Amino acid sequence: MPELPEVETIRRILQDGTPDSPPLPGKRIRRADLRWARTLAAPEPGEFQARIAGQTVAEIGRRAKYLLIRLSSDTLVIHLRMSGDLRVEPASGAAARHDRLILHFEDGDFLAFNDTRKFGRVWLLTDPASLLSPLGPEPLDASLTPEIFHARLRSRRRQIKPLLLDQHFIAGLGNIYTDEALHRARLHPRTPSNTLTVDQAARLLESIRFVLRAGIKANGASIDWVYRGGGFQNQFQVYHRTGEPCNHCGTPIERIRVGQRSTHFCPQCQALPAGSL
DNA sequence: ACGAGCGCCTGTCGGC
DNA sequence: TGCCGACAGGCGCTCG
């Protein structure tokens with residue numbers, strides 16, 4: 001499900017709360033209820049239970065698609081993968097189908113990690129840097145300049161779309177926002193990364209930031225049965241719009257396979273330069 | 001270095 | 001109606 005904007009939306013809900021979801025900072029964990037063992041990546045269940053009990057939530061952070069729940073002495077790291085979601089329930093609330101991990105707080109409220117497809121993972125780490133250091137730059141971080149981005153693109157020879165999905169190259173993009181960014185930048189998803197000019201690289205970085213910020217502003221995207229209130233799906237230009245007219249030129253949007261992933265683009269606005277393949 | 005194939009899981013949808 | 005394959009917002013692994 002979630003890419004950077006969806007994870008950021010959840011981070012803000014957990015950190016600041018909403019009218020029907022209390023903020024987590026300050027809550028003390030009474031116990032953890034692990035309902036699907038493989039959800040826990042580390043440490044072993046026994047150590048996890050013993051260490052997490054009694055810790056207090058300090059703040060909720062994010063790195064790329066990872067949520068970082070900073071506790072008194074450890075960080076609970078959560079990756080939602082395809083179908084993960086988090087919700088805070090009052091003491092009167094009930095566990096739901098597909099809840100894989102539940103953290104019960106001293107005040108009775110609880111945090112549920114719901115994950116239909118069981119791809120999501122949770123780590124309790126003293127130092128999350130060990131897990132996060134292989135990640136590429138954060139796309140909204142100003143330290144990633146167009147010049148650096150261009151140099152990174154030129155240093156590889158890969159199709160641009162799979163490269164943008166590679167979390168070691170740049171961290172936080174998924175299938176939706178990659179397709180949307182490439183359309184805005186007017187780049188064909190199979191464009192070889194080493195052929196991009198400085199101007200194209202700058203335009204691509206601007207496009208990535210534009211669609212991510214629009215996604216965050218809309219509280220993320222909600223599609224199919226995975227609905228959590230976001231509205232970015234109403235701003236899609238290409239994703240899930242196969243056959244519909246491009247909002248820029250009217251040409252029907254096409255869907256192809258690139259790097260094993262379903263890919264949506266406008267064949268007119270995002271034409272491959274002749275001979276670039 | 002790169003791309004393809006596959007595994008991990010459950011659920012929905014369209015075609016026959 | 002039932003069955004069956006395709007597909008789904010992710011990512012790690014192996015193999016050429």
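Each chain gets a letter, A, B and so on, in the order the sequences are listed, and its residues count up from 1. In this text, all values refer to a predicted model and were calculated from it rather than measured experimentally.
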*At under 4.0 Å, does any side-chain N or O of A:Arg38 touch on OP1 or OP2 of B:dC9?*
yes
*When you measure from the centre of the six-membered ring of A:Phe169, is the NZ or CZ of A:Arg152 under 6.0 Å away and within 45° of the axis?*
yes
*OP1 or OP2 of C:dG10 less than 4.0 angstrom from a side-chain nitrogen or oxygen of A:Ser83, does that happen here?*
no
*Are OP1 or OP2 of B:dC8 and a side-chain N or O of A:Lys118 less than 4.0 angstrom apart?*
no
*Among C:dC7, C:dG10, B:dC9, the nucleotide that comes nearest once only the side chain of A:Trp36 is considered*: B:dC9
*Report yes if at least one side-chain N or O of A:Arg255 is closer than 4.0 Å to OP1 or OP2 of C:dA8; otherwise report no.*
yes
*asked:* In whole Å, measure the gap between the P atoms of B:dG5 and C:dA6 for me.
replied: 14 Å
*Using atom CD1 of A:Ile176 as one end and atom P of C:dA8 as the other, report the distance to the nearest whole Å.*
11 Å
*When the C1' atoms of C:dC7 and B:dC6 are considered, how many whole Å apart are they?*
16 Å
*Looking at A:His183 versus A:Phe265, is the centre-to-centre ring distance below 6.0 Å?*
no
_Run A:Phe232 and A:Tyr177 through ring pair (Phe, Tyr, Trp, His ring centres under 6.0 Å) and show every step you take._
CA-CA 10 Å; A:Phe232 187 64; A:Tyr177 293 90; 5.1 Å; yes
*Is the ring centre of A:Phe119 under 5.5 Å from the base ring centre of B:dC8, and are the two planes under 30° apart, so that they stack?*
yes
*asked:* Students often get this wrong, so: under 4.0 angstrom with heavy atoms, is A:Tyr177 touching a base, only sugar-phosphate, or nothing?
replied: nothing
*For A:Arg257 and B:dC6, what is the distance between atoms CZ and P respectively, to the nearest whole Å?*
13 Å
_Quick check for you: among B:dG3, C:dG10, C:dA8, whose closest atom lies nearest to any side-chain atom of A:Gln159?_
B:dG3
*Of the candidate nucleotides B:dG11, C:dA8, C:dG10, which contains the atom at the shortest distance from the side chain of A:Arg117?*
C:dA8
*Residue matched to B:dC9 through Watson-Crick or wobble contacts both under 3.5 angstrom*: none
With 3.5 Å as the limit, what N/O pairs link the protein to nucleotides 11-13 of chain C?
unit_1	atom_1	unit_2	atom_2	d
C:dC11	OP1	A:His79	NE2	2.8
C:dC11	OP2	A:Lys65	NZ	3.0

*asked:* To the closest 0.5 Å, what do you measure between NE2 (A:His150) and OG1 (A:Thr197)?
replied: 6.0 Å
*Rounded to the Å, how far apart are A:His240 NE2 and C:dA8 C1'?*
7 Å
*Classify the side-chain pair A:Asp20/A:Thr18 by whether it contains a donor and acceptor separated by less than 3.5 Å.*
yes
*Expressed in angstrom and rounded to an integer, what is the separation of A:Leu153 atom CG from B:dC2 atom P?*
12 Å
*A:Lys161 NZ to C:dG10 P, straight-line distance once rounded to whole Å*: 9 Å
*For the pair A:Glu138 and A:Arg63, find out whether any cationic side-chain nitrogen is under 4.0 Å from an anionic carboxylate oxygen.*
yes
_Students often get this wrong, so: under 4.0 angstrom with heavy atoms, is A:Arg121 touching a base, only sugar-phosphate, or nothing?_
nothing
*In plain terms, say whether A:Glu8 and A:Arg12 are close enough for a salt bridge, that is, a side-chain N and a carboxylate O under 4.0 Å apart.*
yes
*A:Ile170 CD1 - C:dG10 P separation (whole Å)*: 15 Å
*What closest approach, in Å, do A:Gln270 and A:Leu187 show between heavy atoms, and which atom pair accounts for it?*
NE2-O, 2.9 Å
*Atom CG of A:Asp166 and atom C1' of B:dA4: how far apart are they, to the nearest Å?*
15 Å
*d(CZ, A:Arg157; P, B:dC2) in whole Å*: 9 Å
